[in-house]
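The sequence lines fix the lettering, A, B, ..., with proteins before strands; numbering per chain opens at 1.
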Amino acid sequence: MEMDLSRAVKLARIELTPEEEQRLAPQLGEVLQYVEKLNGLDVSGVEPTAHATPLSNVMREDEPRESLSQEDALRNAPKTANGLFVVPKIVE
Amino acid sequence: MEYEAVIGLETHVQLKTRTKMWCGCANEYGADANTNVCPVCLGLPGVLPVPNAEALRLTALTGFLLNCDVPSYAKWDRKNYFYPDNPKNYQLTQLDFPSTITGFVEFELGGELESVRINRAHLEEDVGKSFHFADYSGVDFNRAGVPLLEIVTEPDITSGDMAYEYLNALKSILEYGGVSDCDMEKGQVRCDVNISVRPIGQQELGEKIEIKNMNSFSGVRRAAEYEIARQIEVLEEGGQLVQETRRWDDDAGITDSMRTKEDAHDYRYFPDPDLMPHRPSKEWLEAIREEVVELPLARERRLMEQYELPAGDADVFVGDAALGNYFEEAAKGLKNPKQAANWVINNLQAKLVETETSVADLKFPAVAIGELIGLVEGGQISSKIAQEVFAEMFASGKSPAIIVEEKGLSQVSDSGELEAFCREAIEANPGPADDFRNGKEAALNFLKGQVMKASRGKANPQMVGELLAKILNG
Amino acid sequence: MVHFLTIHQLLEQLRAGELSSREATQACLDRVEKVDGRLNAFISVDATDALAQADAADQSRAAGEDLPMLGVPVAIKDVLAVKDQPLNCASKILGEFNSPYDATVIQKLRAAGAVVFGRLNMDEFAMGSSNENSAFGPARNPWNTDCIPGGSSGGSAVAVAADECIASLGSDTGGSIRQPAALCGCVGLKPTYGRVSRYGLVAFASSLDQVGPFTKDVRDAATLLQVIAGADEQDSTNVPEPVPDYSAALSGDVKGLRIGLPREYQVEGLDPEVKAATDAAVKQLEALGAEVKEISLPHTEYAIATYYIIATAEASANLARFEGVRYGARLDGADPEEMNRKTRGAGFGEEVKRRIILGTYVLSSGYYDAYYLRAQKVRTLIRQDFLKAFEEVDLIASPTTPTPAFKIGEKTGDPLQMYLSDIYTISCNLAGLCGISVPCGFSKAGLPIGLQLLGKPFGEPDLLRAAHAYEQATDWHTHRPNLD
């Protein structure tokens, strides 16, 4: 089964080389075909599980905590200027 | 053909919390770039969010203020999209189980009471702020993770004016409830406008046009008016509208296309595995419900009805809630509450302005206003003396009765004592006395004034008038 | 030979003053120096920092202080944030990233006095079962360096099995602790979901990930779990359940303990040597007084499909933050989108790309219900299977892996085959259980075999009790690979 990767690849913002694309498409197609086996199960009336533990109402008080210094905040940034994280110009 | 507009608004409001939604960084405007940030709100590898209890509380409070239901189950979802100001490249929000649903907002429009239904108010997080330079952009993440309430209306709005009045009403409700400062200058309120037109009588909606990221209410009104006219014109010229997102250019006063449905986002929402659901308990909700304040419009209407106040007075008490509460306290049990309103507005408010103090600083209890009114009505003091007594109440906090007692301001009603004053006045002013005897009634007022003066205002004016007439008419 | 010691042996000598933490730490560093060129368990080691911590521990001890792990060197998988140390997740994409904060488990280790050192090799972003998906080259199995050590916590298993550290931490999303522990012949424990804080653990699949210990014996696993378990206000999924005394559970007594053998685990592809070794281990437990009975987990055959939908979907969002804006190795582009695309294209390895794309696909418009929502429902059925089984038994026993370690490169072209080898370990994460792998034999080729025990949520005491009793009755855990 070949899968049309283009939309997912675009959404995931991953540039693939043509070779990668050629390898990935059939591999993922095979995995998708494998997971089709779930369609053989009747899941009507079954609640979905999003968490492996049944907690609720976990909150913290509205108490301030120390923030990072600007230097520490920016220490891993590829590019900075004037205390900002610099990115290629955003055009919209 | 006649057309009608169908408008729905999505309003984003920053909540008034001390800290951000998921971390302890300050929720504060105007700090140096990237100083109110930590590993959590910068989206560093390995971090996890923990919800701010106060943000959840303010959300439920908003629900009550907007006449919404607060469901017994709410959950968090991830909305996936890449943008440089979005630290995790997913935004935490509430998709199908929001914290509050189905309410309404009432407001006045052209003298009529209008209502817009609220579909939902859900909690999410704000993103960072981008700055654009000649050849690059820069991002400050101080705003990233600030709690943001998205309030979504049903498509009940039919004009730019109505949108404008709805927004003003919403803003005053949120300010009144202490939910948000709604400071437009600081970007604390932003609005997306969904707008379509259809021939009157047609059931199905026209193609929906979205105008993103409006940051002024007047802008929303102008954009809506422009867009309604534009869409009708397109249809009348036989054109087709397509579902799209448009941008409002405030300077030019026009909208222009940003993107069409074809390149719409696919947000791939799914339940956030890092955050557990919220199941508000009855006790938690009751505690919040107790904090629900009366909304401005309802308060105005009630004050007018209950105390028979004119709209002007009611407006003053809505605009200054503390003063209004004080008035209601003072008016308790009074036959004529309007008098209390006069004292509170004409005297008390003026004094507060003059001394730059507030109701909270007052030294005397509200009940003293009623006592003061009682003294005037009972004839113990004149309304002129009452002014003096009030000034002393304000300065010392003493009760009106004590002030009158201490200062000997009690009205002189002893007819013997008054008669002496009257005879003195007649003797000292034979001219006016004769004038009165000769039928010039007005001359009595002069003599009355002399008696009041001589008694330093303490004489009972009504008795003085009667006594003078009696003596002169001999 | 200090590096061969277990935690409890080392602590005994440290407490007796026979040995210093500096000597123990230096011994580990020397061992790394000597063998790691062949094993590649460590991505990096900051010896200066490690020795400074050791000296501080020695000073504390000299001042009369004693802590549960004072002076014990523990090595860390490269997926846990350690302040001022590199954090790469064995990926190129993080570039020179240096963490400004400590993960909660690291804070807890420091509070217990441990010497936290090294960045252990792994499959990139914990995605893999062989440690071949590392940007820093594969880690190798110390029992046969042509073979994989398992994954994703390959380096964590190798470092313990080869005595390059006293103990280590790894993470387990679908078997990433238990599987490499089995293939390298050490003890690996995956705690119940919510037992150990995930704050500072770089997320692969948030609803499945847990941090856990790799140790040389079960007593050490109890000690290390004791240190890292417990509530954390920075992790909303952390369960505020009291932490029991795990060492107290090591009574050696398994009489009356009920152990279930799932009927559905007799799968095709189960290696006969592995089957023989684990059957023998179960017999041993029975001989010690445990009751063994067959049970059924009817939805077993759906576990792998369910796992690969849920895990990849969560990962596709979790890994979106690696795009070159705030950190990492950026490749320039004309606009942010192009910069993101190139950065991610060059920075992620192939398995990570495969999983992100798969996860994006199953969440995308039109597919969500068919894949993701359905998988979440099947997850409910799988969890119910286990909860039902645990009404009848206290523990579930099985092989940890269907085969011993395979050769490096043997399965790289066939991701699905690789996924299918996770059959015994994956359900535990889907159901939020705890699990342990303990050594239970060797293949004729001399490769270790692991016995897996699964326990109910927060059933770690039973798990440790049975594993310990078995271990005491056998000597598999004392075997060491020959690296001289």
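With respect to the salt-bridge test (charged N to carboxylate O, under 4.0 angstrom), the residues C:Glu301 and A:Lys37 qualify. Under 4.0 Å is where a charged nitrogen must lie from a carboxylate oxygen, and between C:Lys377 and A:Glu47 no such pair does.
The candidate with the highest count of non-hydrogen atom pairs below 4.5 Å against chain A, out of C:Gln384, C:Arg355, C:Arg344, is C:Arg344. In terms of non-hydrogen atom pairs under 4.5 Å with chain A, the most contact-rich of C:Ala431, C:Pro415, C:Gly194 is C:Pro415. Per-residue counts of heavy-atom pairs under 4.5 Å with chain A were compared for C:Gly345, C:Gly328, C:Ser207; the largest is that of C:Gly345. Residue with the most contacts toward chain A among C:Ser236, C:Gly432, C:Gly359: C:Ser236 (heavy-atom pairs, distance under 4.5 Å). The residue among C:His299, C:Lys353, C:Met339, C:Lys342 with the most heavy atom pairs within less than 4.5 Å of chain A is C:Lys353.
Residue C:Arg383 touches chain A through its side chain alone, counting heavy-atom pairs closer than 4.5 Å. Looking at C:Ala346, neither its backbone nor its side chain comes within 4.5 Å of chain A, counting heavy atoms on both sides. At a 4.5 Å heavy-atom cutoff, C:Pro457 makes no contact with chain A through either its backbone or its side chain. Only the side chain of C:Leu420 comes within contact range of chain A, with at least one heavy atom under 4.5 Å from a heavy atom of that chain. Only the side chain of C:Tyr367 comes within less than 4.5 Å of a heavy atom in chain A; its backbone stays farther off. With a 4.5 Å cut-off on non-hydrogen atoms, C:Ala329 does not touch chain A at all. Only the backbone of C:Asn238 comes within less than 4.5 Å of a heavy atom in chain A; its side chain stays farther off.
Remark: the backbone N or O of A:Thr49 is paired with a side-chain donor or acceptor of C:Thr380 at under 3.5 angstrom. With C:Asp335 contributing its side chain and A:Lys89 its backbone, the two residues share no donor-acceptor pair below 3.5 Å. Panel note: side chain A:Arg75, backbone C:Ser99; a donor-acceptor pair is recorded below 3.5 Å. Under a 3.5 Å cut-off, the side chain of A:Arg23 and the backbone N or O of C:Gly413 do not form any donor-acceptor pair.
Of all non-hydrogen atoms in A:Leu41 and C:Arg374, the two that sit nearest each other are O-NH1, 3.0 Å.
The residue from C:Thr360, C:Ile357, C:Ile356 that alone fulfils the side-chain contact (heavy atoms from CB on, under 4.5 Å) condition with A:Leu11 is C:Thr360. With respect to A:Asn76, the side-chain contact (heavy atoms from CB on, under 4.5 Å) criterion is satisfied by exactly one of C:Leu94, C:Leu87, C:Asn98: C:Asn98.
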**Study point:** C:Glu323 and A:Arg13: CA distance, side-chain angles, deciding distance, salt bridge (Lys or Arg N to Asp or Glu O under 4.0 Å) verdict
**Key:** CA-CA 9 Å; C:Glu323 58 7 349; A:Arg13 295 211 174 165; over 6 Å; no
Check your understanding: C:Glu233 and A:Arg65: salt bridge (Lys or Arg N to Asp or Glu O under 4.0 Å), yes or no, with the steps?
Key -> CA-CA 13 Å; C:Glu233 57 176 23; A:Arg65 277 176 164 239; 2.5 Å; yes
